[in-house]
Amino acid sequence: RGETERLEGSLAAAEREGRSNRPHEGLKLLAGSEPSPRFEERFRKTRSALEAQLAAVLHRETAHVFLVRQAKIAES
């Protein structure tokens, strides 16, 4: 029973991090966990959603840095 509660807690915390726009933190929470068959699909879906969210965040930040650099170069 303790393992089930631990896995539930890890999943719930990771999902909260995703809703709080901190997918990297959610992925860290899942990184050390080995889900039992009961939780395997939920872990996979949660991890996949967090990875997609992180990729989107990184894409936005990269685009922002690029645009800021281009604007500074144009001002020079």
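Salt bridge absent: Glu40 and Arg44 never bring a charged side-chain N and a carboxylate O closer than 4.0 Å.
The distance from atom CZ of Phe43 to atom OG of Ser10, rounded to the nearest 0.5 Å, is 5.5 Å. Interatomic distance, NZ of Lys45 versus CG of Leu11, reported as 12.5 Å (0.5 Å rounding). The distance from the CG atom of Leu7 to the CZ atom of Arg38 is 9.0 Å, given to the nearest 0.5 Å.
Listed by chain and residue number, Ala12, Ala13, Arg19 satisfy the side chain to side chain contact (heavy atoms under 4.5 Å, CB included) test with Arg16 (two or more places apart in sequence, or in another chain). Take Arg42 and apply the salt bridge (Lys or Arg N to Asp or Glu O under 4.0 Å) test, not counting sequence neighbours, and it matches Glu8, Glu15.
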With a cut-off of 3.5 Å and sequence neighbours excluded, list every side-chain donor-acceptor pair involving residues 22-36.
residue	atom	partner	partner atom	Å
Arg22	NE	Glu17	OE1	2.6
Arg22	NH2	Glu17	OE1	3.1
Glu25	OE2	Lys28	NZ	3.4

